[in-house]
**Q** 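I'd like to ask you about the structure that follows.
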2 protein chains.
Amino acid sequence: MSNSSSSRSPAAPAAPTVIVVDDDEQLREALSSLFRSVGLRVELYGSAAELLAAKPPAVPRCLVLDIRLPGVSGLDFQSQIATSPMNMPIIFMTGHGDIPMTVRAMKAGAVDFLTKPFRDQDMLDAVATALENDRKQSEADKASTDIRALYQSLTAREKEVMSLVTSGLMNKQVAAQINLSEITVKIHRGHVMRKMNAKSLADLVRMAETLGLGITKA
Amino acid sequence: MSNSSSSRSPAAPAAPTVIVVDDDEQLREALSSLFRSVGLRVELYGSAAELLAAKPPAVPRCLVLDIRLPGVSGLDFQSQIATSPMNMPIIFMTGHGDIPMTVRAMKAGAVDFLTKPFRDQDMLDAVATALENDRKQSEADKASTDIRALYQSLTAREKEVMSLVTSGLMNKQVAAQINLSEITVKIHRGHVMRKMNAKSLADLVRMAETLGLGITKA
DNA sequence: CAACGGAATATACCAAGGTATGAAGGCGGG
DNA sequence: CCCGCCTTCATACCTTGGTATATTCCGTTG
């Protein structure tokens, strides 16, 4: 069992994937072999539309994209993807780019912007950075999403109590604030702790921070 | 002309300042009048060295800088300033820039990278963004610095107790962890609350977050 | 050396947090 | 209509947090 061929283990980290979108098939193939040579998975597409039609791979992944694409431009595609669930780090390539284009891409969060011809190592460095960013991002997203799900399982009152408690008020102060008896606040508070799966008040405060609670009504 | 010369009010928000560094005097003057026309303070320098010799103005402020400067390059100056106490947002200008230069500047956090000739409005927009960034940044810095100062006033034991308490442990658990009696932990804890000026445990937890406590020894 | 502050501990007391049991009213869905 | 859920509150009891007072030990500094 020195793991070789069959890798259907559920806890497998899933090989990092690079998605290449370029209308030049030769370049696609060259990039594909470059990336595979360092152990990365690769998906190739000739246009943005093809990519959108496909199912996005598991994280970590990133996009390597020519700024000039058939159909939408690379920059437009960047803004499009940024607000979609398959948001991922982007590395641009260009043959005839200009500075304003570069600035726009970088402002919108591109990891790098390489001019053709580029050195293989520059591309690999950019991809490594992008994949690491994606890993971190999806990790943070998951934590945030999980907490948000728990939070949504709270009733309106419970959310209210959680907000006040995590802002540092004592039970009696919370009670006065929302016109309840202290004992009722304690009950809600207990429910909040259980439902949020918080093992301590410190825990709950950190969750409230992640949720952005308390900033809301300032 | 209601308020012109004498503005020595202590709580004054201090006019936002744009610092221009360019070896072309004509351009300096043009930018100066542009910025003053929208009510901004301006400081003009012919080189990076001149700026470094001067006393940096109060926030909010930002730097407008030609990429090609006498002496150090704009990019080198950027890395230099980034780690210095007078760190501030930078907007680059260039007559003969290229894409790799642009990418490097943007990766290093430049707010914008304008090619000469640029439209006045583009410059003003960039400056407005930069000043807003600087305001936010210095606000966050100040909060963090204040908390760090309070934290440094704690004794070694108190720091230890603060770390464990904000990680969610009960007094008795803290006591067991560092081999103390519970009563002693309570005393240290009380000292921590007073010294850190925390009005509640929630407060203290948030401060610990700002300090990056608990991540340290995982 | 003496004084001082940090650290540790104990006893005692009070305030606050937390849970269990019981009970009551409102409101929506089967 | 009845059941379940949310909400509210009370009494009782126990745990935990927080403070005060007092004592001891240690190391540094005037």
Side-chain angles (χ1 to χ4, degrees), chain A residues 146-211 213-214 216-217, chain B residues 146-211 213-214 216-217:
Chain A
D146 289 354
I147 291 178
R148 218 161 289 274
L150 291 176
Y151 183 67
Q152 285 312 324
S153 80
L154 300 182
T155 68
R157 263 297 194 234
E158 287 163 352
K159 287 177 187 173
E160 205 169 352
V161 169
M162 172 168 171
S163 168
L164 294 170
V165 162
T166 55
S167 81
L169 298 182
M170 289 183 308
N171 287 339
K172 63 169 60 172
Q173 294 177 302
V174 174
Q177 191 89 10
I178 54 183
N179 211 17
L180 285 182
S181 78
E182 189 182 344
I183 184 78
T184 306
V185 171
K186 285 185 180 180
I187 292 177
H188 287 315
R189 186 173 178 156
H191 288 163
V192 169
M193 294 297 284
R194 254 188 296 283
K195 288 189 181 179
M196 294 299 290
N197 206 10
K199 290 170 301 303
S200 65
L201 178 57
D203 245 45
L204 196 67
V205 170
R206 271 182 261 268
M207 291 182 191
E209 286 287 276
T210 299
L211 291 169
L213 250 56
T216 322
K217 69 176 204 177
Chain B
D146 290 353
I147 291 178
R148 219 160 291 273
L150 292 176
Y151 183 67
Q152 286 313 324
S153 79
L154 300 182
T155 68
R157 265 294 195 232
E158 288 163 354
K159 287 178 187 172
E160 207 169 353
V161 169
M162 173 169 170
S163 167
L164 293 170
V165 162
T166 54
S167 81
L169 298 183
M170 289 184 308
N171 287 340
K172 63 170 61 175
Q173 294 176 302
V174 174
Q177 193 89 10
I178 54 185
N179 211 17
L180 286 181
S181 77
E182 187 181 345
I183 185 74
T184 307
V185 171
K186 284 185 181 182
I187 291 178
H188 288 314
R189 185 174 178 155
H191 289 163
V192 169
M193 294 298 284
R194 255 189 297 283
K195 288 190 181 177
M196 295 299 291
N197 206 10
K199 292 171 301 303
S200 63
L201 177 58
D203 246 43
L204 197 68
V205 170
R206 271 182 264 267
M207 291 182 192
E209 286 285 279
T210 299
L211 291 170
L213 250 57
T216 320
K217 68 177 207 176

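All figures in this text were calculated on a predicted structure; none of them were measured in a lab. Letters go in sequence order (proteins before strands), and every chain restarts at 1.
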**Q** Does anything in residues 146-162 of chain B reach DNA chain C, meaning a heavy atom under 4.0 Å, and if so which residues?
**A** B:T155, B:A156, B:R157
**Q** Go through the structure and list residues passing side chain to side chain contact (heavy atoms under 4.5 Å, CB included) with B:E160, not counting sequence neighbours.
**A** B:R157, B:I178
**Q** How long is the gap from CD on A:E209 to CD1 on A:I147, to the nearest 0.5 Å?
**A** 11.0 Å
**Q** Name all residues meeting the side chain to side chain contact (heavy atoms under 4.5 Å, CB included) criterion together with B:L169; count only those two or more places apart in sequence or in a different chain, and write none if there are none.
**A** B:L164, B:S167, B:Q173, B:V174, B:Q177
**Q** Drop me the distance from B:L150's CG to B:M207's CE, to the nearest 0.5 angstrom.
**A** 7.0 Å
**Q** Just by protein heavy atoms under 4.0 Å, how would nucleotides 12-20 of chain C read 5' to 3' in B, S and -?
**A** B---SBBBB
**Q** If you look only at pairs with a residue in residues 182-192 of chain B, which of them pass as a salt bridge (Lys or Arg N to Asp or Glu O under 4.0 Å), with sequence neighbours excluded?
**A** none
**Q** When you measure from the side-chain N and O atoms of B:T184 to the phosphate of C:dT9, is any distance below 4.0 Å, counting only OP1 and OP2?
**A** yes
**Q** Would you give the length of the straight line joining atom CG of B:N171 to atom CG of B:L180, rounded to the nearest 0.5 angstrom?
**A** 11.0 Å
**Q** Rounded off to whole Å, could you give me the CG-to-C1' distance for the A:L180 and D:dA10 pair?
**A** 14 Å
**Q** For residues 192-202 of chain B, which side-chain donor-acceptor pairs fall under 3.5 Å, sequence neighbours excluded?
**A**
from, atom 1, to, atom 2, distance (Å)
B:K195, NZ, B:S153, O, 3.3
B:K195, NZ, B:E158, OE1, 2.9
B:K199, NZ, B:D203, OD2, 3.4
B:S200, OG, B:D203, N, 3.2

**Q** Shortest non-hydrogen contact from A:V205 to B:R206?
**A** CG1-NH1, 4.0 Å
**Q** How does protein contact run along nucleotides 25-30 of chain D, one letter per nucleotide 5' to 3', with B for base contact, S for sugar-phosphate only, - for none, heavy atoms under 4.0 Å?
**A** ------
**Q** Strictly below 4.0 Å: does A:H188 bring a side-chain N or O up to OP1 or OP2 of D:dT8?
**A** yes
**Q** So, using side-chain hydrogen bond (donor to acceptor under 3.5 Å, both in side chains) as the criterion, who are the partners of B:S181 when residues are at least two apart?
**A** B:T184
**Q** For the helix from C:dC1-D:dG30 to C:dG30-D:dC1, what angle lies between the axis at the first five pairs and the axis at the last five pairs, to 10 degrees?
**A** 30°
**Q** I want to check something: taking the side chain as every heavy atom from C-beta on, are B:H188 and B:M162 in contact at a cut-off of under 4.5 Å?
**A** no
